[in-house]
Amino acid sequence: MATTNGRIYITYERERNTLRSILSFFSRGQRVEIEEPKPIAHPVDVSKAEHFLAALTVKHGPIAAGDASIATEAASALLLDGPALLALAAGNVRARAYVGWAVRSNTRVVAPATSFLDPAVASVAAAVADVLPIYASTAELAATLLSRSRLSLPFDALSVALASKLRPAAILTRDVAGIGALVRATNQTGISVFPL
């Protein structure tokens, strides 16, 4: 801040210098990013989901035969978003049926790492699913999806971005309209949306 003739002039020298140093740092190519690991083919382990379903069966009773039959498309992964994890913890019959389908068809049950932001969801995610980290490439794809769809659903966009990397994949959600719009924004096939 400088004063001249009794007037106060605000200068942003410090901010400008900070921005210059940041730009200089990036222009020198010293930016460090953590690369997303290459996918490794490994056998699918559904034992966590199977044990969690067994515990829910003890607590809430078995699923009726009519409720257990669900129509699904083939998928290599079933992604559970936050509301789906909460529904599963509450013993929701449809959520249990979809996770049961995943166990029977040897489909990987996954949840985004953002599940750990909500304590009520975190314990369920850790108990039933493989929790997938969010890498920079996933976050960039989520931002692109938000831009294309003109929605402000950042956690849903991260879920769809993860599912697009796991294709063919399915997303179990309560927000079928929002997730569906984000899936359409990927311009890809192989992502199904299953309603709760």
Side-chain angles (χ1 to χ4, degrees), residues 46 48-50 52-53 55-57 59-64 66-105 107-134 138-139 141-186 188-196:
V46 293
K48 284 171 59 173
E50 193 171 22
F52 193 79
L53 280 178
L56 286 176
T57 301
K59 183 176 180 180
H60 299 286
I63 301 173
D67 294 329
S69 62
I70 52 175
T72 60
E73 299 174 21
S76 62
L78 174 65
L79 189 138
L80 306 174
D81 69 355
L85 288 165
L86 284 174
L88 184 63
N92 179 288
V93 173
R94 288 185 64 82
R96 291 168 56 197
Y98 279 112
V99 173
W101 161 80
V103 168
R104 287 188 304 279
S105 64
T107 300
R108 186 176 178 201
V109 179
V110 298
T114 54
S115 304
F116 285 114
L117 296 174
D118 183 355
V121 173
S123 60
V124 180
V128 75
D130 294 334
V131 179
L132 301 179
I134 306 294
T138 308
L141 177 57
T144 302
L145 295 176
L146 289 173
S147 173
R148 285 181 189 164
S149 65
R150 297 180 181 247
L151 295 172
S152 66
L153 302 168
F155 293 115
D156 290 349
L158 286 169
S159 294
V160 172
L162 277 173
S164 73
K165 293 177 180 277
L166 300 169
R167 289 180 302 139
I171 303 171
L172 182 61
T173 184
R174 283 191 195 273
D175 184 13
V176 175
I179 294 281
L182 291 163
V183 167
R184 286 188 297 280
T186 64
Q188 299 173 344
T189 59
I191 305 172
S192 304
V193 180
F194 295 158
L196 275 177

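Everything quoted here is computed from the prediction, not taken from an experiment.
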**Asked** Stepwise, does the side chain to side chain contact (heavy atoms under 4.5 Å, CB included) test hold for Thr107 with Trp101?
**Response** CA-CA 8 Å; Thr107 300; Trp101 161 80; 4.1 Å; yes

If you take all heavy atoms of [X] and [Y], which pair is closest and at what distance?
{"X": "Leu151", "Y": "Ala181", "answer": "CD1-CB, 3.7 Å"}
{"X": "Leu158", "Y": "Ala142", "answer": "CD2-CB, 3.7 Å"}
{"X": "Val124", "Y": "Ala89", "answer": "CG2-CB, 3.4 Å"}
{"X": "Leu85", "Y": "Ala125", "answer": "CD1-CB, 3.8 Å"}
{"X": "Asn92", "Y": "Ala95", "answer": "OD1-N, 2.9 Å"}
{"X": "Pro133", "Y": "Ala113", "answer": "CA-CB, 4.0 Å"}

**Prompt:** Just how far is it from atom CG of Leu166 to atom CD1 of Ile191, taken to the nearest 0.5 Å?
**Reply:**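 Answer rounded to 0.5 Å: 9.0 Å.
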
**Message:** I need the Ile63 CD1 to Arg96 CZ distance, nearest 0.5 Å.
**Reply:**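 Ile63 CD1 to Arg96 CZ: 4.5 Å, rounded to 0.5 Å.
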
Run the side-chain hydrogen bond (donor to acceptor under 3.5 Å, both in side chains) test against [X] and tell me which residues pass, sequence neighbours left out.
{"X": "Ser115", "value": "none"}
{"X": "Arg174", "value": "none"}
{"X": "Arg94", "value": "Tyr98"}
{"X": "Thr57", "value": "none"}

**Message:** Would you say that Val121 contacts Phe116 through its side chain, given a criterion of any heavy-atom pair below 4.5 Å between the two side chains?
**Reply:** no

**Prompt:** Does the side chain of Val176 reach to within under 4.5 Å of the side chain of Phe194, using non-hydrogen atoms?
**Reply:** no

Which residues pass the side-chain contact (heavy atoms from CB on, under 4.5 Å) test with [X], not counting sequence neighbours?
{"X": "Ala120", "answer": "Leu86, Asp118"}
{"X": "Ala185", "answer": "Leu145, Arg148, Ser149"}
{"X": "Ala84", "answer": "Leu80, Asp81, Leu172, Leu196"}
{"X": "Ala49", "answer": "Val99, Val103, Val109, Val128"}

**Message:** Looking at Arg167 and Thr189, would you say the former's side chain and the latter's main chain have a donor-acceptor pair under 3.5 Å?
**Reply:**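 Side chain of Arg167 to backbone of Thr189: a pair is present.
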
**Request:** Look only at the side chain of Thr186 and the backbone of Leu182, and say whether a donor-acceptor pair between them is shorter than 3.5 Å.
**Result:** no

**Leu153 vs Asp175, side chain to side chain contact (heavy atoms under 4.5 Å, CB included): CA-CA, chis, key distance, verdict** = CA-CA 10 Å; Leu153 302 168; Asp175 184 13; 3.9 Å; yes

**Message:** Walk me through whether Leu141 and Ser164 qualify under side chain to side chain contact (heavy atoms under 4.5 Å, CB included).
**Reply:** CA-CA 9 Å; Leu141 177 57; Ser164 73; 3.1 Å; yes

